[in-house]
Amino acid sequence: MLLQAGGCPATLRLGSRSQIFRVTPVANPHRCKRALNAAAEKSGFPSGPYPVPEGPVSHFYRETESWPTEETVHLQQHDLKQQPYVDLIVAGAGPAGVAAAGRVAAAGFSVCVIDPEPFAHWPNNYGVWLDEFQAMGLEECLHAIWPKAKVWLNSLPDGEKFLDRPFARVDRPKMKRVLLERCAAAGVTFLPGKVAGCSHGDGSSEVQLADGRKIRGSLVLDATGHSRRLVQYDKKFDPGFQGAYGIMAEVESHPFDVDTMLFMDWRDDHTHTPGLETMRSDNEKLPTFLYAMPFTKNKIFLEETSLVSRPAVGFPELKERLDARLKWLGIKVTHVEEEEYCLIPMGGVLPKHPQRVLALGGAAGMVHPSTGFMISRMLGAAPTVADAIIDQLSRPADKATNAGSALRPSSEAEAVSMANAVWRATWPLERIQQRAFLTFGMDVLLSLDLFQMREFFRAFFSLSSFHWHGFLSTRLSFPQLIVFGLSLFFKASNNARSMLLVRGVPGVISMLVDLASTLKGYYPDMTSLRERKDAVDAAARQAATTAELQSAITASAPKAVEVSAKTTLTVTK
């Protein structure tokens, strides 16, 4: 686990196991489709299939912790004069950087994190599905839990849909404190500054800071988020963008149930007010939705969100739409505790991989291309990437133990090989294929107007829990995603099917072209499963042969001693 699991909040320990996460196949009378669903629901990734809460989930809310400071968490400052070289340099002290740094340092390696302000507040609101954080043992880093979520497609009687999947909000200050404390306990050092560049040679990397200072290390991890300061691209980065403007507010009242999170509200009644004709027209072409987290009857997080667009919807327009929506809902804000300006690149090409600089989180392209979610995906991937780094840093260390050589890569070729292995763990072929499908989904969403978006999500949330849960949580493998796409098509209305065909077919062709490179030789020196099995079998045969030879030598040793003794006796006589 990334964090040590603490006790669950009391709201998660009630009664018997909830049945809301039980996997059910897509209901369809066609026998072939049932077979496809059954095959597709086999576990695709280690994070699946579906953890079940310990009991019926109740609404849970507490205030967030205070942000950690230098007085509450004592971080060790890095001394460049005393330690000009470390095993791992991490650029960025966001969730990705400190999660990986603490785990690698706990394995006994020297780790330095570079960040201008290690105690800076993490600005973005993190909403997560409860089961995702439970699977990682992170329940104690949640400060609000809603037993269910809701979607409004429109204002008609059938436009309200309830999602029986608990949702939660991350206590960002607590999660940062816990991760920083792990870093401090493991001996991670922190170097205040902004990275400006990186160069490589002779088996090591040198990171340059904006003020001219330099630090060298065996491996470098870019965890600078969407700024992507060190990773390189070999193709144009042309993502879609999720834009959102939100407020944490005290209000006189609001019309939402405090036990239900408003996941999406696509209603547009607020734009029908006289004088807002332009807003109504713009929203029909490029729709936005309300995302709301009611904590109490007088405290709520409200956010107007553009799911994905290219270019991004501007913050002034999002704020204007939110103000109009709140007026229509009758919500009067008495105090704004916090404003959020969120702009998330989605999809686009991945960084060049493999390359000498490693990456995690936004820098590695781990944002869900169709939803904008990343925190759960990153926290789930952090142990895998960190453990791959540990394995590779152990290679020169093991060699040094056996041969008395240096505890670092001895050549650039060795360092390149180490970095390549980490990239294979960061983006295995299965994940690359999965991301290609999710990017295809983003391309479809980019083309939808308000009415088509409603039809799309009507079909989407009619799917089995396995499929829509898995899609939103990046749990489905590529074959499972194919079944997801077919199920979505069959669940859609006739109009929506026509729309999906028109919008989707060109994207499918483009996706298949991109996936052709994953069929063979995607990573340098990558061996097939058969080749790896043959290598293991050959090593086993060699070990057996060596053992037999050693046994024969051991068995013949007493006879040799006996002959030697007789010869010595004869000579003496």
Side-chain angles (χ1 to χ4, degrees), residues 1-2 42-47 86-88 100 103-111 186 202-204 217-219 353-354 356 358 381-432 477 518-572:
M1 287 184 184
L2 179 65
K42 294 180 180 178
S43 178
F45 291 97
S47 58
V86 294
D87 295 313
L88 176 65
R103 191 174 181 96
V104 174
F109 294 97
S110 56
V111 181
D202 299 326
S204 67
S218 298
L219 294 174
H353 58 282
R356 280 285 270 114
L358 312 174
T384 299
V385 175
D387 289 349
I389 292 172
I390 291 167
D391 287 343
Q392 295 310 306
L393 289 174
S394 298
R395 286 172 52 184
D398 291 343
K399 184 175 65 178
T401 301
N402 297 332
S405 57
L407 291 168
R408 60 183 68 168
S410 58
S411 67
E412 187 62 12
E414 184 178 7
V416 167
S417 176
M418 292 165 61
N420 289 356
V422 176
W423 273 106
R424 285 196 292 270
T426 305
W427 279 109
L429 293 184
E430 295 86 352
R431 283 291 189 188
I432 292 172
S477 64
T518 66
L519 298 179
K520 186 177 182 181
Y522 188 88
Y523 285 108
D525 305 322
M526 187 178 71
T527 56
S528 67
L529 181 61
R530 177 174 290 279
E531 290 170 329
R532 279 177 281 171
K533 181 179 183 301
D534 290 343
V536 170
D537 291 344
R541 287 193 297 270
Q542 180 63 41
T545 301
T546 301
E548 290 176 3
L549 181 60
Q550 186 64 42
S551 178
I553 293 173
T554 302
S556 63
K559 295 182 180 179
V561 172
E562 182 181 349
V563 170
S564 176
K566 289 181 179 179
T567 302
T568 302
L569 180 61
T570 302
V571 171
T572 303

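As the structure is a prediction and not an experimental result, all values here were calculated from the model.
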Shortest non-hydrogen separation from [X] to [Y] and the atoms involved:
X: E412; Y: S204; value: OE1-N, 4.1 Å
X: Q392; Y: M418; value: O-CE, 3.1 Å
X: L393; Y: F109; value: CB-CE2, 3.5 Å
X: Y523; Y: W423; value: OH-O, 3.5 Å
X: G203; Y: R356; value: C-NH2, 4.1 Å
X: S110; Y: V86; value: OG-CA, 3.4 Å

Atom pair [atom1] ([X]) and [atom2] ([Y]), whose distance is rounded to the nearest 0.5 Å:
X: R103; Y: I390; atom1: CZ; atom2: CD1; result: 6.5 Å
X: N420; Y: L358; atom1: CG; atom2: CG; result: 9.5 Å
X: R424; Y: Y522; atom1: CZ; atom2: OH; result: 12.5 Å

| query | For the side chain of S551 and the backbone of A547, is there at least one donor-acceptor N/O pair under 3.5 Å apart? | reply | no
| Quick one: does T545's side chain have a donor or acceptor within less than 3.5 Å of a partner on R541's backbone? | yes
| message | Please enumerate all residues that pass side chain to side chain donor-acceptor pair (under 3.5 Å) together with D391, with sequence neighbours excluded. | response | none
| Audit row: V422, V385, side chain to side chain contact (heavy atoms under 4.5 Å, CB included) steps and yes/no | CA-CA 7 Å; V422 176; V385 175; 4.3 Å; yes
